[in-house]
**Student:** 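Structure provided below as structure tokens; questions to follow.
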Amino acid sequence: MTKTKVVYVGPVLVLVLLALVIIVGFNNGGLLTALLINGVIGIIILMLLNYLPQIEVPVNIWTFLIAAIGGLLGVAVLVILNLMGYKEW
């Protein structure tokens, strides 16, 4: 029997998106407000995705952080990974 290695994408995506937010936020002060609004919209869209029968993105700490930090881009990555069959968060 072979062991399969499970790679959790959630923590990696959170760290990458957090690094991008910090870098961009410190370079442009006005952009930080836009990133905050984008994060709130991302969380709202993540919650609304649960009502679509084709998309089954679980709402847990990793998907929440990806949506909060990445906003619309983070939710798009979650949806694409879900449609590709990736279910391990």
Side-chain angles (χ1 to χ4, degrees):
M1 186 192 304
T2 61
K3 289 186 176 183
T4 59
K5 185 178 178 184
V6 177
V7 178
Y8 294 103
V9 176
V12 175
L13 282 175
V14 168
L15 291 176
V16 169
L17 291 173
L18 184 61
L20 287 173
V21 167
I22 290 172
I23 290 169
V24 172
F26 283 132
N27 288 339
N28 301 324
L31 188 60
L32 196 56
T33 304
L35 289 173
L36 180 65
I37 293 170
N38 190 28
V40 170
I41 292 172
I43 291 171
I44 291 170
I45 291 176
L46 178 66
M47 299 299 172
L48 292 176
L49 280 178
N50 287 325
Y51 294 108
L52 295 176
Q54 301 88 359
I55 301 173
E56 299 174 0
V57 177
V59 178
N60 57 29
I61 188 68
W62 296 117
T63 57
F64 181 81
L65 287 174
I66 291 169
I69 296 171
L72 294 175
L73 179 64
V75 173
V77 169
L78 290 173
V79 169
I80 290 170
L81 286 174
N82 182 270
L83 293 176
M84 290 174 48
Y86 189 80
K87 305 288 184 195
E88 298 290 327
W89 303 105

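Residue numbers start at 1 and run along the sequence shown. Nothing here was measured: the structure is a model prediction, and the numbers come from that model.
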**Student:** How close do V75 and A67 get, counting heavy atoms only, and between which atoms?
**Tutor:**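 Here V75 and A67 meet closest at CG2-CB, 3.8 Å.
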**Student:** Give the intermediate values and the outcome of side chain to side chain contact (heavy atoms under 4.5 Å, CB included) for residues I66 and V77.
**Tutor:** CA-CA 9 Å; I66 291 169; V77 169; 5.6 Å; no
**Student:** Same cluster for L81 and L73 if Ile/Leu/Val/Met/Phe/Trp/Tyr side chains link at under 4.5 Å?
**Tutor:**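 No, because L81 and L73 fall into different hydrophobic clusters, even though each may have its own neighbours under 4.5 Å.
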**Student:** Same cluster or not: are L46 and V40 linked, directly or through other Ile, Leu, Val, Met, Phe, Trp or Tyr residues, by side-chain heavy atoms under 4.5 angstrom apart?
**Tutor:**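 Looking at the clustering, V40 is in a separate group from L46.
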**Student:** Using the rule that two of Ile, Leu, Val, Met, Phe, Trp, Tyr join whenever any of their side-chain heavy atoms come within less than 4.5 Å, decide whether W62 and M47 are in one cluster.
**Tutor:**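 Yes, same cluster.
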**Student:** If I compare all heavy atoms of I43 with all of A68, which pair ends up nearest, and what's the gap?
**Tutor:** CD1-CB, 3.5 Å
**Student:** What is the minimum heavy-atom distance between I41 and L72, and which atoms define it?
**Tutor:**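 Taking I41 first and L72 second, the nearest heavy atoms are CG2-CD2, 3.7 Å.
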**Student:** Under the rule for side-chain contact (heavy atoms from CB on, under 4.5 Å), what residues qualify as partners of L52, not counting sequence neighbours?
**Tutor:** L49, Q54, I55
**Student:** With a 4.5 Å cut-off on side-chain heavy-atom distances among I, L, V, M, F, W and Y, is there a chain of contacts connecting L48 to F64?
**Tutor:**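 No; tracing contacts between hydrophobic side chains, which count when under 4.5 Å, never links both residues.
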